[in-house]
Amino acid sequence: MHLIFRASNILEAHIVAGMLKNNDIDCHVGGHYLQGAVGDLPAADFAHVFINEADIEHIT
């Protein structure tokens, strides 16, 4: 899997993932469980969108 997008929150990551899936690009959103671990601290740099290496040529 190749990291293609670093979202500011998990919702933004899912929006980007939805746009990719609408264009038939399989993707994975990582960082779901890290959001709960931050507690009262500001959450940053934990929501990422990944795609397969074979699909990279479809997004450029």
Side-chain angles (χ1 to χ4, degrees):
M1 300 293 282
H2 184 73
L3 174 65
I4 61 154
F5 186 72
R6 292 178 190 265
S8 60
N9 58 50
I10 203 74
L11 180 61
E12 183 181 34
H14 278 287
I15 290 170
V16 171
M19 291 189 299
L20 290 168
K21 289 179 182 181
N22 282 338
N23 288 293
D24 297 323
I25 299 174
D26 192 30
C27 60
H28 171 75
V29 176
H32 289 101
Y33 301 110
L34 296 175
Q35 183 175 5
V38 294
D40 292 333
L41 298 174
D45 198 35
F46 64 88
H48 301 126
V49 180
F50 299 90
I51 64 170
N52 291 323
E53 295 287 331
D55 290 327
I56 291 175
E57 63 189 39
H58 295 130
I59 62 167
T60 57

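Every value quoted in this text rests on a predicted model; they were computed, and no experiment measured them. Sequence positions, counted from 1, serve as the residue numbers for this chain.
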Asker: Drop me the distance from I4's CD1 to D55's CG, to the nearest 0.5 angstrom.
Answerer: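 Here the rounded value is 9.5 Å.
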Asker: Hey, any chance M19 and I51 share a hydrophobic cluster, counting ILVMFWY side chains that come within less than 4.5 Å of each other, even indirectly?
Answerer: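 Yes, same cluster.
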Asker: Hey, is the main chain of I25 close enough, under 3.5 Å, to the side chain of N23 for a donor-acceptor pair?
Answerer: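 No; zero donor-acceptor contacts below 3.5 Å.
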Asker: Quick one: pull up CD1 in I10 and NE2 in H14 and give me the separation to the nearest 0.5 Å.
Answerer: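 Answer for the CD1-NE2 pair, I10 versus H14, is 4.5 Å.
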Asker: Minimum heavy-atom separation for F5 to V16, with atom names?
Answerer: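 Between these two residues, the closest heavy atoms are CE2-CG2, 3.6 Å.
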Asker: Starting at NZ of K21, measure out to CG of D26 and round the result to the nearest 0.5 Å.
Answerer: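 That separation rounds to 7.0 Å.
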Asker: For the hydrophobic clusters of this structure (ILVMFWY residues joined by side-chain heavy atoms under 4.5 Å, transitively), does one cluster hold both M1 and V29?
Answerer: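 No, M1 and V29 fall in different hydrophobic clusters.
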Asker: Could you tell me if the side chain of H28 sits less than 4.5 Å from the side chain of V49, heavy atoms only?
Answerer: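 In short, these two side chains do not touch, never coming nearer than 4.5 Å.
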Asker: List the atom of A47, the atom of A13, and the distance in Å for their closest heavy-atom pair.
Answerer: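 Closest heavy-atom pair between A47 and A13: CB-CB, 4.0 Å.
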